[in-house]
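Following: one structure in structure tokens, then a few remarks.
As the structure is a prediction and not an experimental result, all values here were calculated from the model. Read the numbers this way: they start at 1 and go in the same order the structure lists the ligands and their atoms.
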Amino acid sequence: MAPVRDPNTLSNYHEWRTKHTIANFTVDFAKQCLRGSVILELESQTDKASKEIILDSSYLDLAGIKLGSTPAQWEVKERAGPNGSPVHISVPEGADKGETVTLEIDVATTDKCTALQWLTPAQTSNKKAPFMFSQCQAIHARSIFPCQDTPDVKSTYEFNIRSPHVVVASGVPVPEATKDVDGEKVYKFVQKVPIPSYLFALASGDIAMAPIGKRSVVATGPNELEASQWELEEDMDKFLDAAERIVFPYQWGEYNVLILPPSFPYGGMENPIFTFATPTIISGDRQNIDVIAHELAHSWSGNLVTSCSWEHFWLNEGWTMYLERRILAAIHKNDAYFDFSAIIGWKHLEEAIEEFGKDHEFTKLCISHKGIDPDDAFSTVPYEKGFHFIYYLDRLVGRENFDKFIPYYFKKWSNKSLDSYDFRDTFLEFFSAPEYADLKDKISGIDWEGRFYNTGLPPKPEFNTSLVDVCFELANKWKRRDFEPSPSDTASFTSNQVLVFLNAIQNFEEPLTVEQSQILGKVYGLTESKNVELKTAYFQIAMRAKDTSAYPAVAELLGKVGRMKFVRPLYRSLSKVDYDLAAKTFEKNRDFYHPICRQLVEKDLGLAEKKL
Ligand code: BES
Ligand code: ZN
């Protein structure tokens with residue numbers, strides 16, 4: 001048997017592989033669960049046919065499993081930490097290599113489900129209907145239905161989803177096959193490109209849609225539709241055109257964006273056909289839509305070509321950061337945008353490595369996940385260290401040569417999953433061609449093992465600092481006690497430049513005085529800003545200055561956004577200056593947060609241990 005490549009699955013996916021999945025679910029808003037049946041078609045991988053199929057599951061309610069048309073023998077074994085409870089299903093006759101068996105599983109989710117968030121009508125913006133959405137990455141698909149929950153297995157999908165409200169899914173809608181049943185609709189979607197389980201996605205609620213490009217709509221609550229359309233319609237096609245020029249044509253048909261309620265725990269999630277995104281990108285200034293360039297880029301890096309386990313997550317995110325930055329430079333027709341975003345990323349990388357400690361396992365490019373919950377290992381490291389590895393290779397061979405490697409790599413691994421060594425071999429294979437003979441010495445000098453397994457910061461490249469210099473100049477002026485700030489200081493800045501300026505202030509050796517911090521908030525309109533990114537950066541400065549008058553506003557913001565990128569650092573800082581307020585704010589908003597966010601903040605605040 002091949003060695004198990006993914007330590008975060010308990011499934012025996014080297015013996016059986018899921019080829020097709022049919023998900024028949026009813027969205028039961030009254031009971032806040034999904035229930036129905038899931039049909040898995042699994043292909044035997046071995047001649048000495050295995051007599052057992054093991055699937056991942058987590059906190060599921062299983063009512064019965066059929067093997068073909070007959071009830072199967074099955075058992076849910078004891079829970080194994082974050083990996084959940086394996087379901088063992090006996091296949092008495094086995095199957096020869098290449099033969100398929102079909103499992104039909106009756107399943108309902110439970111109130112311990114970590115993949116779904118359910119909102120009551122009162123928790124939605126127009127209060128008219130309940131809302132539900134899923135977030136399966138990294139290992140939460142198993143808490144919706146039993147599956148081989150590993151990015152190493154890809155399956156085509158059919159979705160038949162019954163709901164009283166509009167449904168979107170990570171498949172192409174088939175409106176002509178949508179049926180009416182007792183006043184509800186059964187929405188049908190198909191996903192003909194094989195996808196890993198973590199890209200299974202559903203949302204349902206009072207959702208309206210409007211066009212944002214030739215192949216794209218935005219979907220969101222009716223009250224948010226116009227603003228969401230405005231935010232995205234200018235750039236959507238430009239992003240797609242730029243990405244297609246860098247890699248190759250988009251393979252998925254439509255590319256749509258669903259703007260979720262504010263408790264959505266991430267900036268964006270690259271669910272195929274429908275990227276899920278936080279409403280914090282709808283800031284009314286088109287300044288936070290890099291997230292969409294990022295999620296779109298995943299259509300190649302991640303969704304078409306996938307890391308085979310969370311240990312090689314950098315292959316998804318590092319490549320995506322690289323493509324995102326190439327897209328941004330292309331649409332601005334200015335390479336300084338690539339560097340500008342990379343400089344911000346470098347700062348985040350430094351902070352993350354400092355927070356973990358420079359020798360920590362989680363600062364490696366390839367992170368061992370044995371016994372590790374991927375949600376705990378998640379950080380900016382695979383994003384930025386991954387980006388820097390790809391960018392280093394780009395500079396090493398030269399842009400013109402690297403640009404030829406990009407489509408080669410993505411074509412070669414399309415519809416497959418790979419690890420870091422497969423990536424290395426593909427790179428070496430491509431550049432072993434005779435026309436690249438003059439690169440031989442450079443390429444043989446690449447320290448692959450070191451790049452994969454060294455902890456701490458990678459070597460820092462030279463950046464083009466033209467877009468950050470003005471930010472640092474302004475920050476330096478704030479070091480002078482006699483400096484008189486004026487709104488015109490930042491008038492010509494993009495919001496990302498304001499952010500760089502604020503980060504520079506935050507990194508001053510001495511915190512600002514309370515008075516300075518208050519002036520900063522007022523003069524540059526930060527206290528009133530609709531841009532959560534800026535507001536959060538400002539609150540960090542205010543908390544470091546111990547400006548207690550800002551704390552209630554921090555607590556208020558923590559009740560309005562659930563995006564972990566903001567929520568976790570805000571709680572960490574608030575708990576340092578006013579632990580009681582942090583704990584009280586968390587308890588008050590517990591139901592507002594997504595289960596994943598709730599769990600992680602609970603750990604961050606040390607509340608999880610107190611409960612035990
Ligand atoms: N795939 C990620 C989100 C994710 C990663 C969810 C791991 C669960 C586990 C997504 O593409 C992402 O990276 N989102 C970023 C966007 C940013 C880098 C532009 C985010 O959420 O902030
Ligand atoms: Zn990403």
Starting from the C-alpha separation in whole Å, work towards a yes-or-no answer on ring-ring contact (aromatic ring centres under 6.0 Å, His included) for Tyr408 and Trp413.
-> CA-CA 9 Å; Tyr408 176 82; Trp413 289 97; over 10 Å; no

When the ring planes of Tyr266 and Phe264 are compared, do they come out parallel, tilted or perpendicular, using 30° and 60° as the limits?
-> perpendicular

Which of these, Trp319, Phe338, Trp314, sits in a ring pair (Phe, Tyr, Trp, His ring centres under 6.0 Å) with Phe387?
-> Phe338

Closest approach to the Zn ion (ligand 2) by His294, given as the N, O or S atom name = NE2

Name of whichever N/O/S atom of Glu317 is nearest to the Zn ion (ligand 2) | OE1

Rounded to the nearest 0.5 Å, how far apart are CG of Asp149 and OG of Ser11?
-> 8.0 Å

Taking the inter-plane angle between the rings of Phe200 and Phe25 on a 0 to 90° scale, is it parallel (under 30°), tilted (30 to 60°) or perpendicular (over 60°)?
-> perpendicular

Identified side-chain hydrogen bond (donor to acceptor under 3.5 Å, both in side chains) partner of Ser58 from the options Lys112, His140, Arg142, Arg79 | Arg79

Name the orientation class of the two ring planes belonging to Tyr421 and Tyr453 (parallel below 30°, tilted from 30 to 60°, perpendicular beyond 60°).
-> tilted

N or O contacts of ligand 1 with protein under 3.5 Å, please list pair by pair.
residue, atom, partner, partner atom, Å
ligand 1, 1 (N), Gln137, OE1, 2.7
ligand 1, 1 (N), Glu270, OE1, 2.6
ligand 1, 1 (N), Glu270, OE2, 3.1
ligand 1, 1 (N), Glu317, OE2, 3.1
ligand 1, 11 (O), Glu270, OE1, 2.9
ligand 1, 11 (O), His294, NE2, 3.3
ligand 1, 11 (O), Glu295, OE1, 2.7
ligand 1, 11 (O), Glu295, OE2, 3.2
ligand 1, 11 (O), His298, NE2, 2.8
ligand 1, 13 (O), His294, NE2, 3.1
ligand 1, 13 (O), Glu317, OE1, 3.3
ligand 1, 13 (O), Tyr383, OH, 2.6
ligand 1, 14 (N), Gly268, O, 3.3
ligand 1, 14 (N), Glu295, OE2, 3.3
ligand 1, 21 (O), Gly267, N, 2.6
ligand 1, 21 (O), Gly268, N, 3.4

